[in-house]
Amino acid sequence: QPKEVQAEESWNYELGVRSQQDFATVELIGFFNDYSNITGQCSFSSGCTSADIGSQYNGGEAWIYGAESVAGYDVLLPQGLEVPLRVTYAYTESTFQSAFTSSFPQFGSVSVGDSLPYVAKHQTNISIGISAEVWKISSNLQYRSGMLDQAGQFGESELEIEPLWMWDLAGEWRLRKDWALACSGSNLLNKTTIVSWRPYGARPVAPRQVFLSLSFQR
């Protein structure tokens, strides 16, 4: 790397609590990452040309902080049925603490207080299932709030990445001791939201997909 490129350096702090009793689990963790210099890494997916791939760029001072939480509970029903419930949520805030101009495509012209690119403020996942001795079904709902394609302020860029909801469903039925039939579906809501503007132009989320499989295991 050129001499002016500094090594990435940061102090990372975490504080949390976790409790697990019988069938219930609760977890809460707060984090604070204090970067004295955050770097940008040039890759094809970040929109860099082949000549720049592998190059690093100084990003100055930055803060990334927030909290992560998990809550889960296993409900036991008659006839050997079990219903696992799980909810996760993460809040992340990110701000540059120094102003600069960079040729790294995801940085550009940065002002103090600008948010980092491709960092979602809100992310959550809700999963619920039901299982018996020979079959099980699970449902998973995910949410991610909007993101920036380049460092800046929300609402000021035409290339913001919209929020995204995703719903997945999966099931399995054990036919015999060695045979199992499974079916799974991803993006069942058939969302067409753009998930990135890089490397070159809009890139949508994968379309609705359904898989059916028959497996044998000894």
Side-chain angles (χ1 to χ4, degrees), residues 8 31 33 35 38-60 62-70 86-96 99-128 138-170 183-212:
E8 187 171 81
F31 61 90
N33 298 337
Y35 287 86
I38 190 170
T39 60
Q41 179 76 33
C42 230
S43 64
F44 176 77
S45 60
S46 65
C48 294
T49 63
S50 57
D52 294 328
I53 290 178
S55 299
Q56 285 186 317
Y57 298 85
N58 296 325
W63 290 351
I64 301 177
Y65 56 93
E68 300 175 347
S69 60
V70 179
R86 186 178 179 88
V87 178
T88 64
Y89 171 74
Y91 172 76
T92 307
E93 193 72 53
S94 63
T95 56
F96 282 99
F100 61 94
T101 299
S102 173
S103 55
F104 180 55
Q106 293 186 22
F107 286 167
S109 180
V110 177
S111 301
V112 174
D114 281 353
S115 297
L116 273 70
Y118 290 95
V119 176
K121 286 189 176 183
H122 306 281
Q123 296 184 80
T124 189
N125 185 289
I126 303 172
S127 64
I128 182 172
S138 61
S139 176
N140 195 60
L141 184 65
Q142 302 177 56
Y143 171 75
R144 172 196 46 77
S145 62
M147 300 184 296
L148 297 175
D149 176 71
Q150 189 180 63
Q153 300 290 329
F154 284 91
E156 298 181 357
S157 172
E158 297 179 358
L159 299 181
E160 286 188 20
I161 292 87
E162 296 179 352
L164 175 64
W165 284 98
M166 290 279 287
W167 179 40
D168 301 334
L169 188 66
C183 182
S184 62
S186 60
N187 191 14
L188 294 179
L189 300 176
N190 202 29
K191 293 294 185 179
T192 56
T193 305
I194 293 171
V195 295
S196 176
W197 288 97
R198 303 180 185 274
Y200 301 105
R203 303 182 69 85
V205 67
R208 180 193 294 130
Q209 300 178 79
V210 178
F211 302 92
L212 182 65

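Keep in mind it's a predicted model, so treat the numbers as computed, not measured.
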What distance separates [X] [atom1] from [Y] [atom2], expressed to the nearest 0.5 Å?
X	Y	atom1	atom2	result
Thr193	Asn187	OG1	CG	8.5 Å
Asn125	Thr88	CG	OG1	4.5 Å
Trp63	Tyr35	CH2	OH	14.5 Å
Asn58	Thr39	CG	OG1	8.0 Å
Phe104	Gln56	CZ	CD	10.0 Å

Considering all heavy atoms, the nearest [X]-[Y] contact:
X	Y	answer
Leu169	Ser138	CD1-O, 3.3 Å
Leu116	Ala62	CD1-CB, 4.4 Å
Tyr57	Ser103	CE2-OG, 3.1 Å
Ala90	Glu68	CB-CG, 4.1 Å
Ala99	Val112	N-CG2, 3.8 Å
Ser109	Asp114	O-OD2, 4.1 Å

Start with the C-alpha distance between Met147 and Val119, add both sets of side-chain angles, then the distance that settles side chain to side chain contact (heavy atoms under 4.5 Å, CB included), and finish with yes or no. CA-CA 6 Å; Met147 300 184 296; Val119 176; over 6 Å; no

Is the backbone of [Y] close enough, under 3.5 Å, to the side chain of [X] for a donor and an acceptor to pair up by distance?
X	Y	answer
Gln142	Met166	no
Ser55	Cys42	no
Arg144	Thr124	no
Glu160	Gly155	yes
Gln153	Ser115	no
Arg208	Leu188	yes

Go through the steps to decide whether Gln106 and Gln150 satisfy the test side-chain hydrogen bond (donor to acceptor under 3.5 Å, both in side chains), and finish with yes or no. CA-CA 5 Å; Gln106 293 186 22; Gln150 189 180 63; over 6 Å; no

Would Phe96 and Ile38 satisfy side chain to side chain contact (heavy atoms under 4.5 Å, CB included), going step by step from the backbone distance to the final call? CA-CA 9 Å; Phe96 282 99; Ile38 190 170; 4.1 Å; yes

So, do [X] and [Y] sit near enough that their side-chain heavy atoms are less than 4.5 Å apart?
X	Y	value
Asp168	Ser184	no
Ile128	Ser139	yes
Val70	Arg86	yes

Show your working on side chain to side chain contact (heavy atoms under 4.5 Å, CB included) between Lys121 and Glu93 and close with a plain yes or no. CA-CA 6 Å; Lys121 286 189 176 183; Glu93 193 72 53; 3.3 Å; yes

Over 60° means perpendicular and under 30° means parallel, so classify the ring planes of Trp165 and Tyr143, tilted if in between.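 Geometry flag for Trp165 against Tyr143: tilted rings.
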
Below 30° counts as parallel, above 60° as perpendicular, anything between as tilted: where do the rings of Phe100 and Phe107 land? perpendicular

Before giving the answer on side chain to side chain contact (heavy atoms under 4.5 Å, CB included), spell out for His122 and Tyr89 the whole-Å C-alpha distance, their side-chain angles and the decisive distance to 0.1 Å. CA-CA 7 Å; His122 306 281; Tyr89 171 74; 2.7 Å; yes

Under 3.5 Å, is there a donor on one side chain and an acceptor on the other for Tyr118 and Asp149?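 Short answer, yes.
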
